[in-house]
Amino acid sequence: MVKILFVCLGNICRSPMAEFVMKKRVAEAGLASGFEIASAATSDEERGNPVYPAAREELAAHGVSCAGKTARPLLPEDYARWDLLIGMEERNLRSMRRICGGDPEGKMARLLDYTSAPGDIDDPWFTGRFSEVYGQIEAGCAALLERIVKEKEMGGKWE
Ligand code: 4NP
């Protein structure tokens with residue numbers, strides 16, 4: 001079982017987009033039973049709120065549903081519960097390390113660091129660039145899944 005928690009600032013735009021894009025990819029690959037996937041926020045601002053309408057519409061335009069998702073904060077105990085905690089930008093990683101008391105097991109990374117173009121996914125809540133962000137998230141999730149599948153094939157890590 002591979003347990004992935006996506007994390008951003010509000011948990012209403014980028015990390016739920018990544019959560020539901022990744023769930024769809026994993027399901028399409030026939031691997032759903034081997035994965036647990038969720039998302040959380042480094043802030044408490046949006047707790048309990050649904051996915052932001054522009055993010056939900058961008059997902060829907062690509063046939064991805066995020067029905068039922070509401071924002072929840074990252075908690076210190078999430079560090080032990082998840083195998084990978086994937087942030088969207090360096091600022092998220094700093095907050096994640098602060099909340100979880102560091103990253104002693106090397107479980108944290110930025111989503112685009114799995115791609116050939118590492119970097120931050122800027123916050124579309126401020127930039128309005130939901131379509132560009134969707135493309136970045138799609139590329140990041142594809143690269144992340146490819147990495148995990150390769151690691152599974154090599155044996156050991158995800159057994
Ligand atoms: P997200 O976007 O981190 O991609 O979910 C944001 C949503 C809300 C806020 C910040 C970022 N906010 O400050 O409320």
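Note that the structure is predicted; figures quoted are calculated from it, not measured. Whatever order the structure lists ligands and atoms in, that order sets their numbers, starting from 1. All residue numbers in this chain count up from 1 along the given sequence.
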Heavy-atom distances under 4.0 Å decide this one: backbone, side chain, both or neither, for D123 against ligand 1? side chain

Looking only at protein heavy atoms, what sits closest to atom 1 (P) of ligand 1 is C8 SG, 3.5 Å

Check the pair E58 / R14 against salt bridge (charged side-chain N to carboxylate O under 4.0 Å, His left out), numbers first and verdict last. CA-CA 11 Å; E58 188 64 37; R14 293 163 296 173; over 6 Å; no

Could you pull out, from M88, R91, E46, M17, the option with a heavy atom nearest to atom 14 (O) of ligand 1? E46

Any side-chain heavy atom of L75 within less than 4.5 Å of one from E77? yes

Ring-plane angle category for F130 and Y52, please: parallel below 30°, perpendicular beyond 60°, tilted otherwise. parallel

Ligand-side contact atoms (ligand 1) for residue partner C13, heavy atom cut-off under 4.0 Å: 1 (P), 2 (O), 4 (O), 5 (O)

Quick test: of every protein heavy atom, which one is nearest to atom 9 (C) of ligand 1, and how far off is it to 0.1 Å? W125 CE3, 3.6 Å

Could you tell me which atoms of ligand 1, counted from 1 in the order shown, lie closer than 4.0 angstrom to a heavy atom of E45? 14 (O)

Thinking salt bridges, do K24 and E28 make one under a 4.0 Å N-O criterion? yes

Would you say the side chain of F6 lies within less than 4.5 Å of the side chain of I137, judging by non-hydrogen atoms? no

Where's the contact between R14 and ligand 1, heavy-atom distance under 4.0 Å: side chain, backbone, both or neither? both

Check this for me - ligand 1, P124, N or O atoms closer than 3.5 angstrom, yes or no? no

Does atom CZ of R129 have more than 12 heavy-atom neighbours, drawn from other residues, nucleotides or ligands, at distances under 6.0 Å? no

Side chains of Y79 and E105: closer than 4.5 Å at any heavy-atom pair? yes

Is any N or O atom of L9, backbone or side chain, closer than 3.5 Å to an N or O atom of ligand 1? yes

